[in-house]
Amino acid sequence: MTALIDLLDRLIGVIGLPEFLHYVVLTSIKIVLVLVPLIIAVAYFTYAERKIIGYIQNRLGPNRVGWYGLLQPFADTLKMLLKEIVVPSNASPFLFFLAPLLSLMAAFAVWAVVPFSENFVIADIDAGLLYVLALTSMGVYGVIIAGWASNSKYAFLGAMRSAAQIVAYEIAMGFALVGVLMAGGSLNLSAIVLAQEGTSVLGWFVWPLFPLFMVYFISGLAETNRAPFDVAEGESEIVAGFHVEYSGIAFGLFFLAEYANMILITALTVIFFFGGWMSPFAGIPGLDGTFIGQSSFFWMAIKMAFFMFCFLWARATFPRYRYDQIMRLGWKVFLPVTIVWIAVEGVMVAAQIGPWAA
Amino acid sequence: MVTTLLFYAFASVLIIAAVGVIASKNPVHSALFLVLAFFESAMLWLLMEAEFLAVVLVLVYVGAVMVLFLFVVMMLDINVERMRDGYTRYLPLGLVVALVVILEIGHVIWYRSQNLPFLTVPEPNPEGYSNTRELGSVLYTEYVYAFELASVVLLLAIVAAITLTMRKRPGLKVQDVAKQVAVNRDDRVRLVKDDAGTETET
């Protein structure tokens with residue numbers, strides 16, 4: 001990856017652009033290198049979701065389009081592109097179309113600070129963790145505006161539920177990340193991963209911060225409005241929640257944003273708690289020099305795939321929470337757990353116990 | 001050069017958004033313009049290398065405060081016609097306030113321009129300078145008492161807000177999840193001997 005970027009850097013250098021334009025072109029190429037695989041991953045994530053949930057429920061899942069249904073995501077995308085976009089009467093047209101774009105913008109912009117390997121990150125900024133929190137909290141605007149601009153009771157109810165839920169879970173999520181920040185000693189995501197570089201798996205933050213990991217991952221489920229916390233969509237109660245009035249590709253954009261956010265939560269979980277691109281077999285003699293023992297994006301992808309599977313697994317096996325139970329879980333369970341564990345961690349840091357003792 | 005262009009772009013959007021807050025008829029549109037205004041001022045702070053403040057502004061005001069604000073504004077059933085009734089009545093007072101504010105801003109600018117250090121461009125920070133780290137080290141050393149005092153005041157406000165809304169009414173039905181989980185079959189099911197099958201005399 002680094003070699004490719006260097007090569008591109010030199011290739012653009014041949015044209016002899018001014019320094020500023022050179023930087024813009026190089027960054028644009030990096031953005032394309034991140035976003036195109038991301039969109040393809042989203043497409044096949046929807047396919048994987050339907051297949052996996054199908055098998056869990058003793059069905060086959062999509063198997064008509066292409067081999068084993070492998071072309072299904074493309075068929076779906078084509079269908080959505082060709083469908084008519086209906087704007088409800090008395091809807092606010094500008095806000096109606098702004099909402100899916102806002103969702104998508106927030107979902108994509110966070111990827112700028114996500115490090116994929118030691119040298120590949122679009123923007124290696126110092127306040128990376130804060131940036132992640134700020135942008136994920138902006139995703140809620142797409143939902144609220146969609147619900148309000150649709151001029152529909154169901155959409156509005158969905159938006160209100162979602163807004164309250166996201167605000168509630170963001171606090172627990174933020175506190176969980178305070179623990180990561182204390183352990184990593186930096187707000188920079190690459191530095192947080194490098195802080196977990198130890199002799200083996202034992203250096204990963206998931207062991208000392210296990211309660212925070214649980215809180216973070218479950219809050220991630222709630223933050224992305226996924227089952228069992230999908231009351232914002234709640235098919236059986238409010239049809240489809242905030243996007244009930246959207247059709248065609250406007251609906252497709254919401255879908256894209258939701259799945260990109262899910263992949264983002266898995267990437268962040270891996271970075272904060274599971275050593276990012278570190279290999280789990282790093283310290284084992286005999287494997288050290290080989291591909292398996294080396295840190296690379298390959299390991300990050302494998303860890304992300306595991307947590308993506310957990311998202312689908314949770315959706316297939318848990319019944320939906322009732323709304324007041326979601327609020328209770330967020331405010332009365334997760335918040336105290338994180339605060340207590342931050343205090344415990346503070347004592348551990350002060351007493352030099354734990355992997356950050358060096 | 002690019003920074004200057006960006007500054008004018010952000011600043012003009014900021015001014016448009018600020019005018020939109022007071023000029024739009026629909027309160028929801030006003031609130032959304034306010035969100036845009038916050039966002040643009042965060043961008044301006046970023047240009048001034050205050051990345052921590054910029055990100056925190058987006059995180060706190062855009063991500064949390066304005067969401068709750070919108071939440072409330074959307075729920076209100078506001079009659080827009082009624083709202084505009086007092087427009088001409090309050091216009092003179094509004095103009096006076098605006099004039100006073102403009103005079104004050106002008107005075108501040110004039111006063112500062114007298115001895116000029118205000119107008120010199122500050123040195124850009126060196127590479128690797130961490131705004132967040134610097135802010136943290138100042139907050140927890142030099143201003144630690146003021147900082148702790150502020151946090152205690154905020155905590156007090158939270159406790160006060162919760163106690164004000166906690167009303168104990170008689171007959172209130174509250175769920176106790178632990179009790180629900182601990183329930184046994186015997187607590188809920190009562191088997192009754194029914195003699196409906198046997199013949200009875202009439």
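Predicted model only: the values in this text are computed from it and were never measured.
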- Message: Once rounded to the nearest 0.5 Å, what's the spacing between atom CG of B/L59 and atom OG of A/S137?
- Response: 5.5 Å
- Of the listed residues (A/E170, A/M160, A/R328), which shares the most heavy-atom pairs with chain B below a 4.5 Å separation? A/M160
- Taking the six-membered ring for Trp, are B/F39 and B/Y61 ring centroids under 6.0 Å apart? no
- For the residue pair A/W331 and A/I171, establish whether any side-chain heavy-atom pair is separated by less than 4.5 Å. yes
- Message: Counting only non-hydrogen atoms closer than 4.5 Å, does A/L133 touch chain B with its backbone (N, CA, C, O), its side chain (CB onward), both, or neither?
- Response: both
- Task: For the pair A/Q165 (side chain) and A/F229 (backbone), establish whether a donor and an acceptor sit closer than 3.5 Å, ignoring hydrogens and angles.
- Result: yes
- Query: Hey, is the main chain of A/I265 close enough, under 3.5 Å, to the side chain of A/Y216 for a donor-acceptor pair?
  - Reply: no
- Who wins among B/V28, B/V58, B/L70 for the most heavy-atom pairs under 4.5 Å with chain A? B/V28
- Message: Using heavy-atom distances under 4.5 Å, tell me whether A/M138 contacts chain B through its side chain, its backbone, both, or neither.
- Response: side chain
- Determine whether B/M74 and A/I144 make a side-chain contact, defined as any pair of heavy atoms from C-beta on separated by less than 4.5 Å. yes
- Message: Report which part of B/V67 has an atom under 4.5 Å of a heavy atom belonging to chain A: side chain, backbone, both, or neither.
- Response: both
- Query: Given that the side chain runs from C-beta out, which part of B/V60 has a heavy atom under 4.5 Å from chain A: side chain, backbone, both or neither?
  - Reply: neither
- Item | chain A contact via B/L32 - which portion, at a heavy-atom distance below 4.5 Å | side chain
- Task: Please state whether the side chain, the backbone, both or neither of A/Q325 comes within less than 4.5 Å of a heavy atom of chain B.
- Result: neither
- With a 4.5 Å heavy-atom cut-off, do A/I166 and A/S162 have their side chains touching? yes
- Which region of A/L95, side chain (C-beta onward) or backbone (N, CA, C, O), has a non-hydrogen atom less than 4.5 Å from a non-hydrogen atom of chain B, or is it both or neither? side chain
